[in-house]
Amino acid sequence: MAQWIDGAALAQQVRETVKQRVAEMTRQLHRPVYLTAVLVGGTAAGELYAQRQRDACKAVGIEYELITLPHDADKEMVSRRIKQLNEDAAVTGIMLHLPLPEHLNATELQYQINPVKDVEGVNPANIGYVVYGQTLIAPCTALAAIELIKSTGVPIRGAEAVVVGASQIAGRPIALLLSEQMATVTLCHIATRDLAAHTRRAEILVVAVGKPNLITADHVKEGALVIDVGINRITLPDGTKKTVGDVDFAAVEPKAAYITPVPGGVGPMTVAMLLRNTLRSAELLSR
Ligand code: NAP
């Protein structure tokens with residue numbers, strides 16, 4: 001039976017370390033570590049998410065400011081705001097809430113965030129630094145997956161690692177970070193012909209697709225370490241809603257050596273990595 005990797009407990013440890021360091025930085029800088037988030041078109045879901053972020057920041061001593069721009073804000077308006085934030089010395093971190101309204105291109109706007117203030121690690125320059133093995137600030141979900149793997153003590157160096165899902169935000173950066181840590185990495189995607197043939201070889205299996213039960217016991221090697229990044233809301237036959245990952249947890253748990261639950265695995269750790277990246281931005285700016 002797999003040992004659960006407790007993302008909530010590990011995230012709490014990260015938050016405590018971040019809190020101490022934020023207090024030191026605040027004393028050293030004589031001003032707060034300051035994260036500004038930009039939300040274009042304030043939906044109820046977006047504002048709830050921002051409120052949770054504000055609470056998470058507050059708990060570790062990070063000042064949080066939310067700038068809400070109108071739904072019809074054009075590219076120039078959002079760009080101007082990002083430029084102001086780049087130039088504002090009081091702002092140590094910037095993030096752009098996704099999804100954006102359809103008329104805006106997320107990559108184009110993320111590209112304009114100063115890479116040092118880019119707390120989500122989404123500026124192409126930051127992805128590029130990961131490729132060159134000189135990581136400045138990496139994407140939060142990818143960092144979360146790596147931290148959870150490291151917490152088990154299973155060596156990454158030399159391991160057969162398979163990542164399923166190849167998005168810019170999750171799968172690809174996870175594959176890059178695993179390769180930076182010297183795993184032998186296979187990146188599976190929608191065009192992969194025989195998914196199970198690849199995943200069955202994995203000592204470390206990371207799944208980031210968004211499809212419940214994509215990974216069954218047949219896909220998993222005995223004794224594998226399984227990280228489930230997926231978050232899916234499903235409706236059970238009795239009509240109740242439930243959050244599940246991409247892995248058929250009940251079927252895979254007996255076969256794996258380690259597994260992340262959903263919820264309580266990658267999710268809380270991703271939030272903790274955002275806080276850690278926000279601290280890192282302030283540290284980089286203070287050098
Ligand atoms: P995404 O942008 O939709 O990417 C999913 C990726 O999986 C795409 O590359 C897609 O390829 C690929 N894919 C689709 N079907 C596949 C299949 N059958 N086999 C292999 N690959 C397949 O989603 P995302 O943003 O990466 O998120 C993935 C999941 O992780 C979602 O459930 C999301 O909610 C969750 N997530 C969780 C966290 C967290 O903190 N825990 C953070 C971010 C995301 P195509 O694009 O070619 O279809």
Side-chain angles (χ1 to χ4, degrees), residues 4-12 14-15 45-46 48-50 52-53 56 95-100 102 105-107 110 119-122 127 130 138-149 151 161-178 185-202 205-216 218-220 226-235 241-249 252 259-278:
W4 289 25
I5 307 174
D6 187 344
L10 290 162
Q12 180 56 27
V14 173
R15 283 197 298 268
L48 177 66
Y49 185 63
R52 290 201 180 134
Q53 243 170 23
M95 60 160 290
L96 190 58
H97 278 286
L98 298 185
L100 291 168
E102 270 191 4
N105 179 320
T107 312
Q110 286 165 336
V119 297
E120 291 188 295
V122 287
I127 306 285
V130 176
C140 304
T141 307
L143 285 173
I146 298 293
E147 287 298 321
L148 294 171
I149 295 167
S151 75
V162 175
V163 180
V164 185
S167 72
Q168 289 170 11
I169 189 172
R172 279 178 203 274
I174 290 169
L176 281 174
L177 289 183
L178 282 167
V185 184
T186 303
L187 180 60
C188 297
H189 41 69
I190 193 73
T192 298
R193 279 199 291 270
D194 184 353
L195 182 63
H198 294 282
T199 57
R200 270 199 295 265
R201 286 191 298 104
L205 176 61
V206 184
V207 191
V209 171
K211 290 196 176 152
N213 296 330
L214 177 70
I215 301 298
T216 64
D218 277 352
H219 290 81
V220 178
V226 180
I227 304 287
D228 191 353
V229 180
I231 300 177
N232 308 289
R233 283 296 279 170
I234 60 162
T235 307
K241 300 231 182 252
K242 191 179 176 204
T243 300
V244 297
D246 293 342
V247 175
D248 180 347
F249 190 89
V252 170
I259 192 165
T260 53
V262 179
V266 179
M269 200 58 166
T270 298
V271 180
M273 291 299 109
L274 177 72
L275 301 173
R276 200 175 79 179
N277 278 354
T278 304

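Read the numbers this way: they start at 1 and go in the same order the structure lists the ligands and their atoms.
Counting non-hydrogen atoms of neighbouring residues, nucleotides and ligands closer than 6.0 angstrom, the CZ atom of R233 exceeds 12 such neighbours. More than 12 heavy atoms of other residues, nucleotides or ligands sit less than 6.0 Å from atom CZ of R15. Surrounding CD1 of I127 are more than 12 heavy atoms belonging to other residues, nucleotides or ligands, all under 6.0 Å away. Summarising the local packing, CD of Q168 is surrounded by 12 or fewer heavy atoms from other residues, nucleotides or ligands at distances under 6.0 Å.
Put simply, atom 10 (C) of ligand 1 has no protein non-hydrogen atoms near it, under 4.0 Å away. For atom 26 (O) of ligand 1, a protein heavy-atom neighbour is present inside the 4.0 Å cut-off.
Nearest to atom 42 (C) of ligand 1 among the protein's heavy atoms is T141 OG1, 3.2 Å. Of the protein's non-hydrogen atoms, the one nearest atom 17 (C) of ligand 1 is I190 CD1, 4.1 Å. Protein heavy atom at the shortest distance from atom 33 (C) of ligand 1 is I231 N, 4.1 Å. Of all protein heavy atoms, the one closest to atom 21 (N) of ligand 1 is H189 C, 3.4 Å. For atom 12 (C) of ligand 1, the closest heavy atom belonging to the protein is G165 CA, 4.0 Å.
N277 places a side-chain N or O within donor-acceptor distance of the main-chain N or O of A138, the cut-off being under 3.5 Å. Between the side chain of D246 and the main chain of G210, a donor-acceptor pair closer than 3.5 Å is present. Looking only at distances, a side-chain donor or acceptor of S167 sits under 3.5 Å from a matching main-chain atom of A170. A donor-acceptor pair is defined here as one N or O able to donate and one able to accept, closer than 3.5 Å; such a pair exists between the side chain of H219 and the backbone of T216. Using a distance-only test at 3.5 Å, with no hydrogens or angles considered, no donor-acceptor pair links the side chain of T260 to the main chain of I5.
Within the listing of ligand 1, atoms 26 (O) sit less than 4.0 angstrom from a heavy atom of A170. The ligand atoms of ligand 1 that sit less than 4.0 angstrom from a heavy atom of V266 are 41 (N). Within ligand 1, the atoms closer than 4.0 Å to a non-hydrogen atom of G267 are 40 (O), 41 (N), numbered from 1 in the order shown. Each of the atoms 29 (C), 30 (O), 32 (O), 35 (C) of ligand 1 lies under 4.0 Å from some heavy atom of G230. Listed by number with element, the atoms of ligand 1 under 4.0 angstrom from any heavy atom of V164 are 20 (C).
The option with the heavy atom closest to atom 31 (C) of ligand 1, from among G210, S167, P263, is G210. Comparing heavy-atom distances from atom 22 (C) of ligand 1 across L195, V207, L214, V209 singles out V209 as nearest. Selection from V229, T270, I169 by nearest heavy atom to atom 36 (N) of ligand 1 gives V229.
Residue contacts with ligand 1 include A208, since one of its heavy atoms falls under 4.0 Å from the ligand.
Residues V247 and V226 meet the side-chain proximity criterion, which asks for heavy atoms closer than 4.5 Å. A 4.5 Å side-chain heavy-atom check between K241 and I234 finds every atom pair outside the cut-off.
Residue A166 has at least one N or O atom closer than 3.5 Å to an N or O atom of ligand 1. In terms of N/O distances under 3.5 Å, ligand 1 is approached by K211.
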